[in-house]
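Below: one structure, written as structure tokens.
First the proteins, then the strands, lettered A, B, ... as listed; each starts at 1.
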2 protein chains.
Amino acid sequence: MQIRTPLELGLVIRDRRRKLGLTQAELARKIGAGRQWLVAFERGKSRAEIGLVLRALSALDLLLTIHPDDLPLEPSDGPIPVDIHAVVDAAKKARE
Amino acid sequence: MQIRTPLELGLVIRDRRRKLGLTQAELARKIGAGRQWLVAFERGKSRAEIGLVLRALSALDLLLTIHPDDLPLEPSDGPIPVDIHAVVDAAKKARE
DNA sequence: TTCAAATGTCGGCGTTCGCTGACAATATAG
DNA sequence: CTATATTGTCAGCGAACGCCGACATTTGAA
């Protein structure tokens, strides 16, 4: 599974949590976070802190790997190329 | 590369940034973050927000993948006998 | 449908974020 | 070595965090 946005991350965690038969309250307790944090995170909270995220992944036995995209894992007809800089610039401008 | 902690994440980004010949200021600007954020993040800041982290990975052309640790990412050398139908069924079920 | 569990939402609170600007401390040239 | 670029640190600021408690809504099983 490829992760590009906070929402994708949240959905992956949600699926896995359910697959393991855990409730939000149970998982939150395991990772030492509030239940409300999990609620927001699974729904794509973009400003969640990575420490908790990594703990969640660990608690769900999910492995996180990073690799340069010029060494493709799977020959992709894959993700739509996005100009991140343009996006960010737009976002910044929007905030002013 | 496997990621378990915020520090590992920071170090991976740092290595990649240097490999691409970017300065902290340059990368921070691309991401739309302050330079001080990058400084702290590369040094393992555990409460950095994932939104910025994902933007950093994207800006460095790094792919992030998640998978259960009981489904190894790369088949060890030598063909592993696999029941393709079982795998497909499991995947299908998983998506529901 | 009924009812309990699970999930989502709200307000308030103290803490920490990430930002800017300025300065100190290292690396890297020349 | 000196000079420059890069990286690291500090203080101050507004904004958002993640927490808790309580309540509303949705889900799932009897």
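- Counting Ile, Leu, Val, Met, Phe, Trp and Tyr side chains that sit under 4.5 Å apart, directly or through other members, B:Leu11 shares a hydrophobic cluster with B:Leu7.
- Residues passing the side chain to side chain contact (heavy atoms under 4.5 Å, CB included) test with A:Ala40 are A:Lys45, sequence neighbours excluded.
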| note | Readout for nucleotides 19-28 of chain D: B = base within 4.0 Å of protein heavy atom, S = sugar-phosphate only, - = neither; 5' to 3' it is SBBB------
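- Here A:Arg43 pairs with nothing under the salt bridge (charged side-chain N to carboxylate O under 4.0 Å, His left out) rule; sequence neighbours left out.
- The hydrophobic cluster of B:Val39 has no other members, since no ILVMFWY side-chain heavy atom comes under 4.5 Å of it.
- Side chains of B:Val12 and B:Leu57 form no contact here, defined as non-hydrogen atoms less than 4.5 Å apart.
- Listed by chain and number, the residues in a salt bridge (charged side-chain N to carboxylate O under 4.0 Å, His left out) with B:Arg4 amount to none (sequence neighbours excluded).
- Annotation: the terminal axes of the helix from C:dT1-D:dA30 to C:dG30-D:dC1 meet at 70°, where each axis is the rotation carrying the C1' atoms of four end pairs onto the next four (5 pairs per end, rounded to 10°).
- In the hydrophobic clustering of this structure, A:Ile3 groups with B:Val53; members are Ile, Leu, Val, Met, Phe, Trp, Tyr whose side-chain heavy atoms approach within less than 4.5 Å, directly or through other members.
- A:Thr23 has no side-chain polar atom (N or O) that falls below the 4.0 Å cut-off from OP1 or OP2 of C:dA5.
- Hydrophobic clustering of Ile, Leu, Val, Met, Phe, Trp and Tyr side chains at less than 4.5 Å, counting indirect connections, keeps A:Leu63 apart from A:Leu52.
- Distance CG/A:Leu9 to CG/B:Leu54: 6.5 Å, rounded to 0.5 Å.
- Protein atom CZ of A:Arg29 is 14 Å distant from nucleotide atom P of C:dA6, rounded to whole Å.
- With a 4.5 Å cut-off on side-chain heavy atoms, A:Lys19 and A:Leu60 do not count as touching.
- Residues from residues 41-50 of chain B with heavy atoms under 4.0 angstrom of DNA chain D, sorted by number: B:Arg43, B:Arg47.
- Contacts with DNA chain D (heavy atom under 4.0 Å) in residues 3-21 of chain B: B:Arg14, B:Arg17, listed by number.
- Judged as a side-chain hydrogen bond (donor to acceptor under 3.5 Å, both in side chains), and not counting sequence neighbours, the contacts of A:Arg17 are A:Glu42.
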Under 3.5 Å, which N/O atoms of the protein pair with N/O atoms of nucleotides 25-30 of chain C?
none

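- Looking at heavy atoms from C-beta onward, A:Arg29 lies out of side-chain contact with A:Arg35 at the 4.5 angstrom threshold.
- For the pair B:Asp61/B:Arg16, a side-chain contact is recorded, criterion being any heavy-atom separation below 4.5 Å from C-beta on.
- Note that CE of B:Met1 and CG of B:Asp15 are 8.5 Å apart. Values are rounded to the nearest 0.5 Å.
- Every residue meeting the side-chain hydrogen bond (donor to acceptor under 3.5 Å, both in side chains) condition with A:Arg47, not counting sequence neighbours, appears here in chain and number order: B:Glu49.
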